[in-house]
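Here the structure is laid out as structure tokens; the discussion comes afterwards.
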Amino acid sequence: MHSDPYFCPMESTLEAVSAQDMLSFEAFRNSVIADYKLAIMSREVSLLGRREVLTGKAKFGIFGDGKEVAQIALSKFFQKGDFRSGYYRDQTFMFALGVANVEDYFSQLYSDVHNDPFSGGKNMNAHFASAFVDEKGNWNELTQSYNVSADIAPTAGQMMRGLGLAFASNCFRNAKNKEAFKHLSNNGNEVCFCTIGDASTSEGHFWEAINAAGVLQVPLAVFVYDDGYGISVPISLQTTKGSISEVLKGFQKEQNTNGIKIYTVKGWDYAALCETFEEGIRYTRETHTPVVFHVQEITQPQGHSTSGSHERYKPLERLEWERNWDCNKQMREWLIANELATDEVLQEVENEAKQLVRADKLAAWEKYIAPIKEKIKEAVALVQEGLHETDVHIANSLLQELVQSKEPLKRDIFRTVNLILEKIPTHSNTAAIQTFLAKYNEAEAPFYSKHLYNEGPKSALNVSVVEAEYANEAQTINGYEVLNHYFDKLFQENPKVYAFGEDLGGIGDVNQGFAGLQNKHGIDRIFDTGIREQSIMGQAHGMALRGLRPIAEIQYLDYLLYGLQTLSDDIATIHYRSNGIQSSPVIIRTRGHRLEGIFHSGSPMGVIVNALRGMFVCVPRNMVQAVGMYNTLLKGNDPALLIECLNGYRLKEKMPSNITEFTVPLGKPEILKAGEDVTIVSYGSTLRIVEDAAARLLTMGIDCEIIDVQTLLPFDINHQIVASLKKTNRILFVDEDVPGGASAYMYQQVIELQGGYRWLDVAARTLSSKAHRPAFGSDGDYFSKPNTEEIINIVNEMMAE
Ligand SMILES: Cc1ncc(C[n+]2csc(CCOP(=O)(O)OP(=O)(O)O)c2C)c(N)n1
Ligand SMILES: [Mg+2]
């Protein structure tokens, strides 16, 4: 043990004490006092953190005060290999595990891109993450670490991911080839700890996840910190009967039923918390029955965040009650009452804890500010060098503010120095100053944008192209049969691949891509889910974070909106917001574009490309192209959405012989028909309309070049489309999204980004669906979506212009 008996290593206190020591009263006492010290340290972090924001050193702060004791207790039962999917109140939990220390905490509060280990300055404070992948994108030995999935701010979003992280334990426990997963799991014994505030249980996410967990029977431990408020709105307006454990009672597991186990415990009662969590966590670890701990009577001494004060909405009696039932105060009284420590000892512990926090906070600030101050010195020297006497006053008055600022930002340097150059255009050192600014920008700007996608060996963009091969006697079969053969072979070859969704297991999906494959490859790998798109996304996300390769279905593209929050806020941002230390290579498989009816023919591609930056969006025109894209995606670490054409499953295609090997590169359009007069750019099902129109236009003497973009994210990386435009000088973008949707996106990419405007002889045009959802029936389709005649008319207009 450490020489300081109350040493609190930011590590689980139980581990610091040997099993034998634990038996001794002394060791027990020291461990409890170390816990108290950690509670005090964490409280001091909250107090000082708030002050840093109020004095201008940080932009915003949200803290875990009032939740210290509960988190110390729960951290004792968090083992190596376990996962956390939590929210912004968990600092004490993170300190107790050693995933965070005080210095790290403040580095994130200062949005220090160079020293925030959780997000590289991208995420708000108290949004934690631990490394799941190494720099090359390989999964770490997750059985050896405390695993913290990167936090998000949207309330209850963590429930979806938590469900998936827990579900992965089931996959590992049921896996036939355990050897393949040895570094990822210890026989599925890992519990996912999911923390949430009382008010956030009002979200649909909470209920969807709880229901799914009860059905699936996963090792999910949900901790509801009940402080009676969601910002200012009291629990009476949030939760039926004002109690989450009361209303959850119908989910309670009974003999011979599935369900969840529910515990209640007071957030200030250290001994009861330890006892309750020990029992519940052991139970879920062993049985995979989910547990919910309703942690009641929690307080929030500083109010919700730095954005407001709780005196505005909490009644005086509540404020008084919170002061008395503060968990740290209660723990202190409990220590004294049980003769575990005297007042003097605790005072000493408290003083020391506070000093440690202050020193670490200062160290984080110095680390953050010193390089900025260095840059200010450099800038000042460059400005003053060769400064004409008449300009001294103006330069100095601008520099003064920068030099005197206690909390200068990088942007202040750019602003001040640029202002000086604007005001002193004849400055003799202008060139050197501009070089300084450019270099500084070049050095710093990438930190704010990097890691949106994998860039190294696990980038799908670096996957080498393997052409599809066809045997002489290659069969021509239905599109869905191509997929079926493919998935069959894929599941034989790759034990990490799982597939699931509504109607995917028993009947093999609504279009038979998986028909017969559950029987062949097992119900553990190919299975049905309830109708719950959001948590299907979360289920896939958690599995992927733990090193599996899920293919999760959204039955029809129209229903992607139900899963969009998890996709957009969580999956698409995970690599970016964790600064590259976590990856979620989910493949979301869906089918869409034109078929029949308002809710089965949608193609909201503009919504998708705008919401899913950080994912790839693949729009293959047929099933062979789809297979090639699946192969490419499975070699990379980024998440992707792949939309199969609903009306393509019964079209005939030739089946490649190297079905699990050939790849279709992402971001590389394909010219489907060469032509001289006009370039038509499209994707997916609409291409068949475009091809029809082009054939008729050819008989009129107009030769169209048809380009399939193949993927919308990424889009035409090598600028092949502008090369076509250089030849034809006319361009039309066609899709079946609303006007100004993905057609406008393609237009922007080619006309602006690729500089296509320089090659236009006539105005570039877009043709999309009407602004409304598609009306029912084939005529509904004809009059709602772009049709052959419209394309012919537009091209004729363009040729006549
Ligand atoms: C989807 C969403 N809506 C609103 C917010 C703004 N917001 C942040 S925290 C919060 C209250 C959460 O209360 P509770 O779940 O009880 O957690 P507590 O902060 O009390 O610990 C709200 C409304 C958000 N972050 N996400
Ligand atoms: Mg609350």
Side-chain angles (χ1 to χ4, degrees), residues 1-14 16-17 21-22 24-52 54 63-76 89 91-98 100-103 105-106 266-274 297-303 319-365:
M1 271 193 65
H2 197 267
S3 54
D4 171 2
Y6 315 132
F7 175 65
C8 125
M10 304 269 160
E11 274 262 341
S12 166
T13 49
L14 276 192
V17 180
D21 276 355
M22 276 304 293
S24 78
F25 176 74
E26 176 106 354
F28 167 70
R29 193 189 62 175
N30 289 349
S31 143
V32 176
I33 295 176
D35 283 351
Y36 178 69
K37 183 172 172 186
L38 179 55
I40 297 297
M41 282 181 75
S42 186
R43 178 64 58 87
E44 191 67 8
V45 165
S46 302
L47 298 171
L48 294 187
R50 185 177 173 87
R51 207 184 302 160
E52 294 301 86
L54 300 184
F63 306 102
D65 46 316
K67 280 105 183 151
E68 292 90 347
V69 173
Q71 292 181 29
I72 287 169
L74 69 88
S75 73
K76 290 178 186 298
R89 298 284 181 213
Q91 67 193 53
T92 316
F93 184 10
M94 297 298 91
F95 292 150
L97 296 179
N101 62 38
V102 173
E103 209 170 302
Y105 186 92
F106 279 96
K266 309 289 186 221
W268 44 261
D269 189 343
Y270 173 80
L273 285 161
C274 292
E297 300 189 11
I298 289 266
T299 70
Q300 204 179 71
Q302 297 193 111
L319 290 165
E320 171 73 13
W321 179 87
E322 288 203 13
R323 276 190 291 276
N324 287 332
W325 293 92
D326 183 306
C327 61
N328 288 7
K329 177 170 181 282
Q330 288 292 322
M331 185 171 181
R332 193 181 204 283
E333 286 167 15
W334 177 83
L335 283 164
I336 292 173
N338 287 281
E339 296 181 2
L340 289 160
T342 60
D343 181 55
E344 296 75 52
V345 165
L346 293 181
Q347 268 184 32
E348 201 185 306
V349 165
E350 287 156 4
N351 288 338
E352 202 191 329
K354 289 176 188 172
Q355 273 170 22
L356 285 171
V357 171
R358 268 180 223 137
D360 287 352
K361 184 206 76 168
L362 212 61
W365 177 251

Sequence-distant partners of Trp334, ring-ring contact (aromatic ring centres under 6.0 Å, His included), two or more places apart | Tyr270
Excluding sequence neighbours, so at least two apart, what forms ring-ring contact (aromatic ring centres under 6.0 Å, His included) with Phe106?
->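 By the ring-ring contact (aromatic ring centres under 6.0 Å, His included) rule, Phe106 matches no residue at all.
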Trace of the side chain to side chain contact (heavy atoms under 4.5 Å, CB included) decision for Trp321 with Thr299 | CA-CA 9 Å; Trp321 179 87; Thr299 70; 3.9 Å; yes
State, to 0.1 Å, how close [X] and [Y] come at their nearest heavy-atom pair, and which atoms those are.
X: Ser46; Y: Gly64; result: OG-N, 3.8 Å
X: Ser75; Y: Ile72; result: OG-O, 2.8 Å
X: Ile33; Y: Leu340; result: CD1-O, 3.5 Å
X: Gly267; Y: Leu273; result: O-CD1, 3.6 Å

Going by distance alone, is a donor N or O of one side chain under 3.5 Å from an acceptor N or O of the other, for Gln91 and Ser42?
->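 A pair is found: one side chain offers a donor N or O, the other an acceptor, under 3.5 Å apart.
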Determine yes or no for a side-chain-to-main-chain donor-acceptor pair under 3.5 angstrom, with [X] supplying the side chain and [Y] the backbone.
X: Asn101; Y: Glu103; result: yes
X: Glu322; Y: Gln300; result: yes
X: Gln71; Y: Thr92; result: yes
X: Gln302; Y: Asp65; result: no

I need the [X] [atom1] to [Y] [atom2] distance, nearest 0.5 Å.
X: Arg89; Y: Met94; atom1: CZ; atom2: CE; value: 15.0 Å
X: Asp35; Y: Lys37; atom1: CG; atom2: NZ; value: 12.0 Å
X: Glu52; Y: Trp365; atom1: CD; atom2: CH2; value: 7.5 Å
X: Tyr36; Y: Asn328; atom1: OH; atom2: CG; value: 6.5 Å
X: Ile40; Y: Glu44; atom1: CD1; atom2: CD; value: 8.5 Å
X: Asp269; Y: Cys327; atom1: CG; atom2: SG; value: 11.0 Å

What class does the angle between the rings of Phe25 and Phe28 fall in, given that below 30° is parallel, 30 to 60° is tilted and above 60° is perpendicular?
->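 Tilted.
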Is the closest side-chain heavy-atom distance between Met41 and Leu356 below 4.5 Å?
->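 Side-chain contact under 4.5 Å: yes.
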Would you check if Ile336 and Leu346 make a side-chain contact, meaning some heavy-atom pair closer than 4.5 Å?
-> yes
Sidechain N-carboxylate O distance under 4.0 Å for Arg43, Asp326 | yes
Salt bridge (Lys or Arg N to Asp or Glu O under 4.0 Å): which pairs involve residues 328-340, sequence neighbours left out?
-> Lys329-Glu333, Arg332-Asp343, Arg332-Glu350
